[in-house]
Amino acid sequence: MTIGTDHAPLFADVLFWMLAVGSVLAGWRVFRADSMVRAAYWLLASFAGTAGILLLLHARFLGLILLLMMAGEMTIMAAFMVMFMMNPAGLNPMNMVHQHRTAIIAGVGAFLGLAAVGVFGEFPARPLLDASQVTADLGVELLGDSMMVFETAGVALLATMIGSIALAAHRGRFGPADEGSEPPALVPEAETVRPGDSRDEEQS
Amino acid sequence: MSLEILLVVAAALFGIGVYGALSQQSFVMIMMGLEMMLNGAILAGVSLWYFSAAGSPKGQLLAIVAMAVMAVEAAIGFALVINIYRVRKADITEKVKALRG
């Protein structure tokens, strides 16, 4: 089955193969790049390929929002990579892996298993026929029957924002976060020593 | 382009993500592996929506939920990375082998 009522089928097929191969190759380069910043941008390239395939599948809203979201997220991730990077500028080969053989076996196994499901599984053949109303239908669905799902996702994102700020804030619940917590006393009656308290005692 | 090919591409992206999440030592690189797995999941979901859901918008809704999961995972993951770096000065998994403060 060819895709795209508004594209020439051959053009859509060639574009699809370029996007698909590019997306997988870029995904592979993520874990082979010598610089972690480059890895972040390879991941962005992989997501851009997926977003292009989504656009070819007429999921225009999803494709564009994926591209938009990933462009922002990978920019933030690149900043994190600079902060946590052991190998600035990627001048030296970087090979920070552990349990490499197990990981390769698990990755290849996951690929083969899922690909087997995709190739040999039977899925209902009910393709999208009218692509003109896809985005409008999604909007009506989001603000209609599935509003609870949409709202729940929104509240979950709000809770995530609060949680991530609470986790990342320097001032923790029991004093400054970089001092860590101290192990509680082993005697049940003993008072639990908190980092802030112990510091006060040392000062006095 | 067919559903089978799309699902194989999605499986390849997921497999690369599994490899990355299991093999990388750096926390941030592990998160990239998780993102790559979700990349494959979104592609598979939208492919099935296109070929098997008769254009029902609920298929796209599932992809939006997967994207929300991706945003939540990234935000909480980064916050945890910062927190664990402050407390332990650790940026790779080998440095946090024990659950103690």
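Note on naming: letters A, B, ... go to the chains in the order of the sequence lines (proteins, then strands), and numbering restarts at 1 for each one.
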Notebook entry, point to check: With S146(A), which residues qualify under side chain to side chain donor-acceptor pair (under 3.5 Å), at least two apart?
Noted result: E141(A)

Checklist line | Portion of V81(B) that has a non-hydrogen atom of chain A nearer than 4.5 angstrom | finding: both

Item checked: Heavy-atom pair of closest approach, residues F111(A) and V8(B) -> CE1-O, 3.6 Å

Check: For L62(A), is it the side chain, the backbone, both or neither that has a heavy atom under 4.5 Å from a heavy atom of chain B?
Finding: both

Checklist line | Closest approach of N39(B) to T50(A) (non-hydrogen atoms, all atoms of both residues) | finding: OD1-OG1, 2.8 Å

Next item on the list: Work out which heavy atom in I76(B) is nearest to a heavy atom in S164(A); give both atom names and the distance.
Entry: CD1-N, 4.1 Å

Note to self: Out of A153(A), G163(A), A39(A), G121(A), return the one with the most heavy atom pairs under 4.5 angstrom to chain B.
What the structure shows: A39(A)

Check: Y50(B) and side-chain contact (heavy atoms from CB on, under 4.5 Å): which partner among L56(A), L128(A), L54(A)?
Finding: L128(A)

Notebook entry, point to check: Any idea which of I53(A), L112(A), V134(A) has the most non-hydrogen atom pairs under 4.5 angstrom with chain B?
Noted result: V134(A)

Next item on the list: List the steps and the verdict of side-chain contact (heavy atoms from CB on, under 4.5 Å) for V97(A) and Q25(B).
Entry: CA-CA 5 Å; V97(A) 290; Q25(B) 288 180 310; 5.7 Å; no

Notebook entry, point to check: Using non-hydrogen atoms only, which part of V108(A) is less than 4.5 Å away from chain B: side chain, backbone, both, or neither?
Noted result: neither

Margin query: Does any backbone or side-chain atom of F27(B) lie under 4.5 Å from a heavy atom of chain A? Answer side chain, backbone, both or neither.
Written below: neither

Notebook entry, point to check: Who among A103(A), G27(A), A51(A) has the most heavy-atom pairs with chain B under 4.5 Å?
Noted result: A103(A)

Note to self: Is A75(B) in contact with chain A via its backbone, its side chain, both, or neither, using a 4.5 Å heavy-atom distance?
What the structure shows: both

Next item on the list: Go through the steps to decide whether D137(A) and Q60(B) satisfy the test side-chain contact (heavy atoms from CB on, under 4.5 Å), and finish with yes or no.
Entry: CA-CA 10 Å; D137(A) 284 350; Q60(B) 290 200 67; over 6 Å; no

Notebook entry, point to check: At a heavy-atom separation under 4.5 Å, does L3(B) approach chain A through its side chain, its backbone, both, or neither?
Noted result: side chain

Notebook entry, point to check: Going through the distances and angles, do T102(A) and L22(B) end up as a side-chain contact (heavy atoms from CB on, under 4.5 Å)?
Noted result: CA-CA 8 Å; T102(A) 317; L22(B) 287 179; 5.7 Å; no

Notebook entry, point to check: Under a 4.5 Å heavy-atom cut-off, does chain B meet the side chain of M161(A), its backbone, both or neither?
Noted result: neither

Check: Which pair of non-hydrogen atoms, one from V30(A) and one from M36(B), has the smallest distance, and what is that distance?
Finding: CG2-CE, 3.9 Å

Check: Is chain B contacted by the side chain of F61(A), its backbone, both, or neither, given a heavy-atom distance below 4.5 Å?
Finding: side chain

Next item on the list: Find the distance between CG (D13(A)) and CD1 (I5(B)) and round it off to the nearest 0.5 Å.
Entry: 8.0 Å

Check: Taking only residues two or more places apart in sequence or in another chain, which ones pass ring-ring contact (aromatic ring centres under 6.0 Å, His included) with H100(A)?
Finding: Y19(B)

Notebook entry, point to check: What part of A125(A) is in contact with chain B, defined as an atom under 4.5 angstrom from a non-hydrogen atom: side chain, backbone, both or neither?
Noted result: backbone

Notebook entry, point to check: So which of V18(B), L7(B), I82(B), V72(B) has the biggest tally of heavy-atom pairs under 4.5 Å with chain A?
Noted result: V72(B)

Checklist line | Interchain contact, T93(B) with chain A, by part (heavy-atom threshold 4.5 Å) | finding: side chain

Margin query: Between F31(A) and chain B, with a heavy-atom cut-off of 4.5 Å, which part of the residue counts as in contact: side chain, backbone, both or neither?
Written below: both

Next item on the list: Quick one: pull up CD in E35(B) and CG in L44(A) and give me the separation to the nearest 0.5 Å.
Entry: 11.0 Å

Check: With only heavy atoms counted, which part of L66(A) is less than 4.5 Å from chain B, the side chain, the backbone, both or neither?
Finding: both

Note to self: Among W49(B), F14(B), F78(B), which residue has the highest count of heavy-atom pairs closer than 4.5 Å to chain A?
What the structure shows: F78(B)

Item checked: L13(B) side chain near S46(A) side chain, heavy-atom distance below 4.5 Å -> yes

Check: A159(A) versus chain B, heavy atoms under 4.5 Å apart: side chain, backbone, both or neither?
Finding: neither

Item checked: For G118(A) against E4(B), the heavy-atom pair lying closest together -> O-CG, 3.7 Å

Notebook entry, point to check: Would the number of heavy atoms belonging to other residues, nucleotides or ligands and lying under 6.0 Å from CZ of F123(A) be above 12?
Noted result: yes

Notebook entry, point to check: Rounded to the nearest 0.5 Å, how far apart are OG of S23(B) and CD of Q99(A)?
Noted result: 8.0 Å

Note to self: Tell me the closest heavy-atom pair linking L167(A) and N83(B), and the distance in Å.
What the structure shows: O-ND2, 2.8 Å

Check: So which of S52(B), G15(B), A12(B), A10(B) has the largest heavy-atom pair count under 4.5 angstrom toward chain A?
Finding: S52(B)

Notebook entry, point to check: Under a 4.5 Å heavy-atom cutoff, which of M32(B), M31(B), K58(B) has the most pairs with chain A?
Noted result: M32(B)

Next item on the list: For side-chain contact (heavy atoms from CB on, under 4.5 Å), just list the numbers for S47(B) and L57(A), CA-CA rounded to whole Å, side-chain angles, deciding distance to a tenth of an Å, and then say yes or no.
Entry: CA-CA 7 Å; S47(B) 308; L57(A) 290 173; 4.0 Å; yes

Margin query: If I measure from the heavy atoms of chain B, does S23(A) come under 4.5 Å with its side chain, its backbone, both, or neither?
Written below: both

